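These numbers come from a predicted model, not from an experiment. Sequence positions, counted from 1, serve as the residue numbers for this chain.
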Amino acid sequence: MEHSQTPSPPSSHQDALHTAALGASNPVKLTVRRLGVDLSQGFSRHWNGGDAFLTAYCNALSMSFPTGEQFFVDAVKAGLKALPDTPANAALRETAKGFIGQEATHRHLHALYNAHLLKQGFQNAWELRAAKRIAKAHQDFFSKSDKPYLHMLAVTAAFEHYTAIFGDLSLEDLDGPGDMFAHAEEPLKTLWRWHAAEESEHKTVAFDLYQSLGGNHTWRLRWFTYVSIQFTLDIIRQTINNLWHDKTLHKPSTWWSALKFTVGPHGLVWRVAKPLLAYRRKDFHPNDVGSATAAATWLSGHADRWTPVGASASLAKAPAQT
């Protein structure tokens, strides 16, 4: 990772884009939820419809979450410290606190999930690589910037764009041909769809913080390019690693499933291309892509599977005002 100057404040043209982008987002309080799933009994080896590839791919994603989401939490906390405590920023502050709570819950549940994968004989190489990469970034890059939180938020916003796309794809065609969890076993079907909904729900937070603190388009794209390369390589490597330990790497059915998943009629490549390209626009905002209602619809339709916690619980129990 090369040393570079701290992101500069936006130019006058960027100021206009910055204002427009913030106008596209209306921060709301995010509910922190305790999901009613029991992972203590574990799950079957090919829990995703008996499909070795889909199971290995989703397991690989899970393996990245505890370390990755801790970094996201740290980035948003650092951004909040730098954000002026003014009435204009009050709504964003509240939303960011909800983001932290949601990501902490994701981290906890996926740590339990990953512990069972370890018992099944899988090795989480992605987590080790990510931890080393983060430590090196702090030592060699972030610590040499006078505004390290901007770099951390740019990285987080880039990853959050990927997870938001994942969230949208997971919820837009429930039980249809494009639903990767259509035949998944419980409780993992509920776990993944809940996670997908919350990723879609809080997709604007890191981006809005980055913009509000003066982050510029150039560095946003630099980090997005870096994240895109690393994420693509990491998901491929860990999925192959999982299939190797599962002894299904060389089965024709595994590769046929992978082919359909990536470039089939409902393939990942075709579905993610447009939202990924959209991120490169100067006037981009996360609310420009994805469904505005899919996450809320799933969460409200499955309210019996979760309970609000902390301040979210107090708000839920408060009597309606007339």
Distance-only polar pair, side chains of Asp246 and His46, donor-acceptor under 3.5 Å: yes

Distance-only donor-acceptor check, side chains His151 and Trp219, under 3.5 Å: no

Spacing of Lys282 atom NZ and Asn216 atom CG [to the nearest 0.5 Å]: 10.0 Å

Residue pair Glu160 / His202, side-chain donor-acceptor N/O under 3.5 Å: yes

ILVMFWY cluster, Leu54 and Ile240 together (side-chain gap under 4.5 Å): yes

Donor + acceptor pair across side chains of Ser62, His110 (<3.5 Å): yes

salt_bridge(Arg193, Asp175) N-O dist < 4.0 Å: yes

Sub-6.0 Å ring centroid separation between Phe166 and Trp192: yes

Non-hydrogen atoms of Gln123 and Asn241 that approach each other most closely: O-OD1, 3.7 Å

Exercise: do Asn59 and Tyr113 side chains pair donor with acceptor under 3.5 Å: yes

Test item: Asn242 side-chain N/O and Ala56 main-chain N/O as donor-acceptor pair under 3.5 Å: yes

Note: Asp234-Arg133 ion pair, threshold 4.0 Å (strictly below): yes

Residues Asp168 and Arg271 bridged, charged N to O under 4.0 Å: no

Heavy-atom pair with the smallest gap, counting every atom of Lys144 and Asp140: CD-O, 3.5 Å

Aromatic plane relationship, Phe72 with Phe159 - under 30° parallel, 30 to 60° tilted, over 60° perpendicular: tilted

Hydrophobic cluster identity match, Leu169 and Trp270, side-chain contacts under 4.5 Å: no

Side-chain donor-acceptor contact under 3.5 Å, Ser44 with Glu185: yes

Validation row, ring centre Trp298 to ring centre His302 under 6.0 Å: yes

Trp255 reachable from Leu268 in the ILVMFWY side-chain graph, under 4.5 Å edges: yes

Centroid separation Phe284 to His161 less than 6.0 Å: yes

Close side-chain approach of His116 to Leu39, heavy-atom, < 4.5 Å: no

Close side-chain approach of Ser291 and Glu172, heavy atoms under 4.5 Å: no

Modelled atom types, side-chain donor and acceptor of Glu199 and His106, under 3.5 Å: yes

Any side-chain heavy-atom pair of Trp126 and Arg129 under 4.5 Å: yes

Close side-chain approach of Ser145 and Leu150, heavy atoms under 4.5 Å: no

pair Phe65-Glu103: side-chain heavy atoms closer than 4.5 Å: no

Expected output: side-chain Thr239 to main-chain Ile235 donor-acceptor under 3.5 Å: yes

Pair Tyr210-Thr156, side-chain donor/acceptor within less than 3.5 Å: no

Basic-acidic side-chain contact under 4.0 Å: Glu201, Arg33: yes

Heavy-atom side-chain proximity of Gln120 to Phe43 below 4.5 angstrom: yes

Side-chain heavy atoms of Arg93 within contact of Asp85, under 4.5 Å: yes

Note, Met152 side chain near Phe142 side chain (heavy atom, < 4.5 Å): yes

Those residues that, when tested against Glu94, pass salt bridge (charged side-chain N to carboxylate O under 4.0 Å, His left out) (two or more places apart): Lys97

Ile236-Phe261 co-clustered via ILVMFWY side chain contacts under 4.5 Å: yes

Cluster overlap Val272 with Val263, hydrophobic side-chain contacts below 4.5 Å: no

